[in-house]
Amino acid sequence: MSRIELEEKMFKGNITIKKEVTIDGNLENGSMFDVEDDNVFVNNGEGPDFRGVSCLGGAVLIAKIQFGLGVLGLPQTFQVLGLVPGLISLIGLCILSTWAGFVIGKFRLSHPQVHNVGDAAYLLFGKYIGDLFGFAFWLQYTLLYGAAVLTLSIAFNTFSDHAICTTAWVGISAAMALIAGLVIRTMKVLSWCGYVAVISVFLGVWVVAIACLTQDTPAAAPKSSEPIDTMVQAVATGSTYSAISGAVATQVLSLCGTPSFFIIHAEMKDQTKYVKSLLMGQGFVAFNYIVISCIVYGKVGQYVASPSLGSAGMLIQKVAYGVSFPALFFACFFQAHLSAKYALVRILKGSVHLQSNSKTHWAVWISMMSLVIAIGFVVAGAIPFFDDLLGLIGALLGTSFTLIIPAFMALYQLGIVSDEPTYSGLTWLKKSQKEWRSSKANTLTVLVSFFAIICGIYICVSGVYGSVASIVQSYADGLVSSAFSCADNSR
């Protein structure tokens, strides 16, 4: 047993922390145990409580970050893929995203100074790649906030029968998200709101599913005395490769909340209970994704709407949006919160202002939240092919965050077997190879990791192609509306 003292440069700022580390060369995994707690957030009893998320609260946040927008777009992917391929793809992605969440929890316990996927990429690939993925994380949730605002505008148009311009509804939604986002700074408070949000969206989508089951013909089908062919197919025929790629990318987008698991883990009261939170949250998401998608597609088929809350007709759509409204509103400021929280920690990490109520803390928080809200509003109103843009984001960023980066993190964990305390560049990959066949568990980890990397790269390339092809085709067909359109987006 030996003890060494390390000096480690933190990710943001030239802050040097001395750590005393105990290394046991006889341990099976060669693990290093930090004597000093290096968590980003600590229980200091002052300022906002950034370590207050309970086990159940963590499960609720995990469920909400995945379930919010994802369940509204999944049934339509079955129309492109068919029932069987759609199910296989969705179940496979649910399993891989749960595995990725498990890797994230294990990684953060080993490296408690890591706050987000950018910090993890810093350890894996160095500063510049870490900065790139940090910005990508910020960009993803800023764009997803824009999607949430756009969905909330659909709800307002549904309630009011398009009483005012859609852009005005987008602006009202953004203003509401800004007010709520500025007030709520911690995941602890968000988890309390999350209980209401998860219940409301759960009830909303099930109202639609049950309504679809009770209808003899789909609400969007033409009125005719002839039997209606919903064209429900076990395996879809006639779908182009670009459409299939885009549908898979949409499924990835519905499960690409995994990078937020870093932040949820960092703010948990007892971080060792994270795996329980993960299994509860992901189990809830997977069950509802699979069942809702099968019911809605199985009954509506080609007449499925996107978002899926409109699949049972206008009356049920109004009821469903009314029931789901708390969840849709929560999704707005929750997505914005994740982007703003990343920026807050990036700017204030290592300073006394991070966990305080100082003027500096509030100035950074208000400015970062306002920036996210403003950019998301512009993107939601100005980009006329927003659905395809989300598919593009899912393919380009979602695959990296949900499949590729967690796979490299799993391999990195196998590399922590040497008596050398730190690694630079990609030298850890060479060191980890020595452990790939040292046990059956390690071999399985390596196989799953490379499978995730290969799948991630393939979905990334094909999904980007499919999304870009769809955008080009939409322009060619004249289906792209103008920027900041006043047109009704609820029908």
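Just so we're clear, the structure is a prediction, and the values are computed from it rather than from any experiment. The chain is numbered in sequence order, starting from 1.
- The side-chain heavy atoms of Arg185 and Asn357, taken from C-beta on, include a pair separated by under 4.5 Å.
- Residues Ala209 and Ile295 approach most closely at O-CG2, 3.6 Å, considering heavy atoms.
- Expressed to the nearest 0.5 Å, how far CE of Met368 lies from OG of Ser339 amounts to 11.0 Å.
- Within a 6.0 Å sphere centred on CZ of Phe287, other residues, nucleotides and ligands contribute 12 heavy atoms or fewer.
- Distance alone, capped at 3.5 Å, places no donor-acceptor pair between the Ser470 side chain and the Gly466 backbone.
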Would you sort out whether His111 and Tyr122 count as a ring-ring contact (aromatic ring centres under 6.0 Å, His included), showing the intermediate values? CA-CA 12 Å; His111 311 280; Tyr122 180 104; over 10 Å; no
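- Residues Phe451 and Leu96 have side chains in contact (heavy-atom distance under 4.5 Å, counting atoms from C-beta outward).
- Counting only heavy atoms from C-beta outward, the side chains of Thr250 and Gln76 never approach each other to under 4.5 Å.
- The structure places OG1 of Thr151 at 6.5 Å from CG of Leu328, a figure rounded to the nearest 0.5 Å.
- Residues Asn39 and Arg108 meet the side-chain proximity criterion, which asks for heavy atoms closer than 4.5 Å.
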Does the ring-ring contact (aromatic ring centres under 6.0 Å, His included) test come out yes or no for Phe262 and Phe107, once each step is laid out? CA-CA 9 Å; Phe262 285 96; Phe107 192 87; 7.0 Å; no
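- Within the 3.5 Å criterion, the main-chain N or O of Leu344 finds no donor-acceptor partner in the side chain of Trp365.
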Verify side-chain contact (heavy atoms from CB on, under 4.5 Å) between Leu132 and Phe125, making sure each step is shown before the conclusion. CA-CA 11 Å; Leu132 177 63; Phe125 307 116; over 6 Å; no
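- For the pair Ser467 (side chain) and Val464 (backbone), a donor-acceptor distance under 3.5 Å is absent.
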Walk me through it: do Leu403 and Ile453 pass the test side-chain contact (heavy atoms from CB on, under 4.5 Å)? CA-CA 6 Å; Leu403 301 173; Ile453 291 170; over 6 Å; no
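- Looking only at atom types and distance, the side chain of Thr402 has no donor-acceptor partner in the side chain of Ser97 under 3.5 Å away.
- Taking each heavy atom of Leu152 and Cys332 in turn, the nearest pair found is CD2-SG, 3.9 Å.
- Atom OH of Tyr289 sits about 10.0 Å away from atom CZ of Phe284, to the nearest 0.5 Å.
- The shortest side-chain heavy-atom distance between Met280 and Cys55 falls under the 4.5 Å cut-off.
- Here the closest non-hydrogen pair linking Trp99 and Ala410 is CZ2-CB, 3.9 Å.
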Chi angles and distances behind the side-chain contact (heavy atoms from CB on, under 4.5 Å) call for Val205, Asn288: CA-CA 9 Å; Val205 296; Asn288 283 280; 5.5 Å; no
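- The shortest distance between side-chain heavy atoms of Tyr141 and Phe137 falls below 4.5 Å.
- Ion pair Arg346/Asp131 flagged as a salt bridge, since at least one NZ, NE, NH1 or NH2 atom sits closer than 4.0 Å to an Asp/Glu carboxylate oxygen.
- The two residues Ala469 and Ser242 make their nearest non-hydrogen contact at CB-CB, 3.8 Å.
- The distance from the NE2 atom of His265 to the CG atom of Asn116 is 14.0 Å, given to the nearest 0.5 Å.
- Side-chain polar atoms of His353 and Ser358 form a donor-acceptor pair below 3.5 angstrom.
- Not one N or O on the side chain of Tyr342 forms a donor-acceptor pair closer than 3.5 Å with the backbone of Gly118.
- When all heavy atoms of Glu267 and Lys188 are compared, the pair lying nearest together is OE1-N, 4.5 Å.
- In this structure, Tyr195 places its OH atom where more than 12 heavy-atom neighbours from other residues, nucleotides or ligands lie under 6.0 Å away.
- Side chain of Ser153 to backbone of Leu150: a donor-acceptor contact under 3.5 angstrom is found.
- Side-chain contact between Ile373 and Val149: absent, with no pair of heavy atoms (C-beta onward) separated by less than 4.5 Å.
- Put simply, the side chain of Tyr274 gets close to the backbone of Gly101: a donor and an acceptor are under 3.5 Å apart.
- Note that the CG atom of Leu255 and the CD atom of Gln66 stand 5.5 Å from one another [nearest 0.5 Å].
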Verdict with reasoning, Leu348 to Gln355, per side-chain contact (heavy atoms from CB on, under 4.5 Å): CA-CA 9 Å; Leu348 298 180; Gln355 286 187 252; over 6 Å; no
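- Side chain of Ser200 to main chain of Ala327: a donor-acceptor pair is present (N/O by atom type, distance under 3.5 Å, no hydrogens or angles).
- A centroid separation of 6.0 Å or more is found between the aromatic rings of Phe202 and Phe67.
- The main-chain N or O of Trp436 is found under 3.5 Å from a side-chain atom of Thr443 such that the two form a donor-acceptor pair.
- If you run side-chain contact (heavy atoms from CB on, under 4.5 Å) between Gln140 and each of Val117, Leu338, Leu253, Ile393, only Ile393 comes through.
- Residues Ile375 and Trp138 are in side-chain contact: their nearest non-hydrogen atoms beyond the backbone lie under 4.5 Å apart.
- Although no hydrogens or angles enter the test, the distance criterion places a donor-acceptor pair under 3.5 Å between the side chain of Asp119 and the main chain of His115.
- Between Phe333 and Phe330, the ring centre distance stays below 6.0 Å.
- With values rounded to the nearest 0.5 angstrom, Thr445 atom OG1 is found 14.0 Å from Lys440 atom NZ.
- The two residues Cys460 and Thr399 make their nearest non-hydrogen contact at CB-OG1, 3.5 Å.
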